[in-house]
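We count residues from 1, following the sequence as given.
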Amino acid sequence: ATGIGVISYVQSDMGQEAAYGFFILGGVCVSYGSASYLANLVLLRRPMMLSFSGAMLSGAAVLSLGLFWVCAISLYIGRLEVEIVRDDTCEECKDKDDGKSEK
């Protein structure tokens, strides 16, 4: 879903709005998958005869993947917001500069 969000952002203005929905959908999928894996890891540690350190290592791997996903989306959305703000700011700067040059 996150990849579709990135592709849809590039396509058009409507795609830019849809991209945020896909990012949220991707976040729901990552969160649900991570939570279910961690819950199953806790519940099945004894029947699977996993050591505590092995379970902690698996849990840390899942949490780090979730963290990497959050960082990537934050950077991407931050880049989008910077582009949007930069475009708005430039238009405002041009209007201000035009007003100063007329005086």
Side-chain angles (χ1 to χ4, degrees):
T2 303
I4 293 171
V6 171
I7 293 169
S8 68
Y9 178 80
V10 177
Q11 296 300 319
S12 67
D13 291 335
M14 284 297 271
Q16 292 174 358
E17 295 174 9
Y20 290 107
F22 283 113
F23 292 151
I24 291 170
L25 179 62
V28 168
C29 292
V30 168
S31 300
Y32 179 76
S34 298
S36 69
Y37 181 83
L38 291 174
N40 287 328
L41 189 64
V42 169
L43 294 174
L44 298 174
R45 186 177 74 82
R46 287 199 189 269
M48 291 172 45
M49 293 187 277
L50 282 174
S51 65
F52 183 73
S53 61
M56 291 300 290
L57 183 64
S58 296
V62 170
L63 290 177
S64 67
L65 288 176
L67 182 65
F68 288 147
W69 180 86
V70 168
C71 290
I73 292 301
S74 298
L75 289 172
Y76 188 77
I77 289 176
R79 190 180 126 233
L80 300 180
E81 295 299 325
V82 167
E83 287 178 6
I84 292 169
V85 170
R86 187 178 306 150
D87 289 342
D88 293 341
T89 305
C90 290
E91 292 297 324
E92 292 172 4
C93 292
K94 290 177 184 177
D95 292 339
K96 289 179 184 178
D97 291 340
D98 291 340
K100 289 179 184 177
S101 62
E102 291 176 3
K103 290 181 180 181

Exercise. Can you sort out the partners of L50 under side chain to side chain contact (heavy atoms under 4.5 Å, CB included), two or more places apart, ordered by chain and number?
Key: L41, R45, M48
Exercise. Indicate, with yes or no, if F68 and L38 share a hydrophobic cluster defined by side-chain heavy-atom contacts under 4.5 Å among Ile, Leu, Val, Met, Phe, Trp and Tyr.
Key: no
Using atom types as modelled, flag every donor-acceptor pair under 3.5 Å from a side chain in residues 51-60 to any protein atom, sequence neighbours excluded.
{"from": "S51", "atom 1": "OG", "to": "S53", "atom 2": "OG", "distance (Å)": "3.3"}
{"from": "S51", "atom 1": "OG", "to": "G54", "atom 2": "N", "distance (Å)": "3.1"}
{"from": "S58", "atom 1": "OG", "to": "G54", "atom 2": "O", "distance (Å)": "3.2"}

May I have the list of side-chain donor-acceptor pairs in residues 29-37 shorter than 3.5 Å, sequence neighbours left out?
{"from": "S31", "atom 1": "OG", "to": "G27", "atom 2": "O", "distance (Å)": "2.8"}
{"from": "S34", "atom 1": "OG", "to": "V30", "atom 2": "O", "distance (Å)": "2.9"}
{"from": "S36", "atom 1": "OG", "to": "Y32", "atom 2": "O", "distance (Å)": "3.2"}
{"from": "S36", "atom 1": "OG", "to": "G33", "atom 2": "O", "distance (Å)": "3.1"}

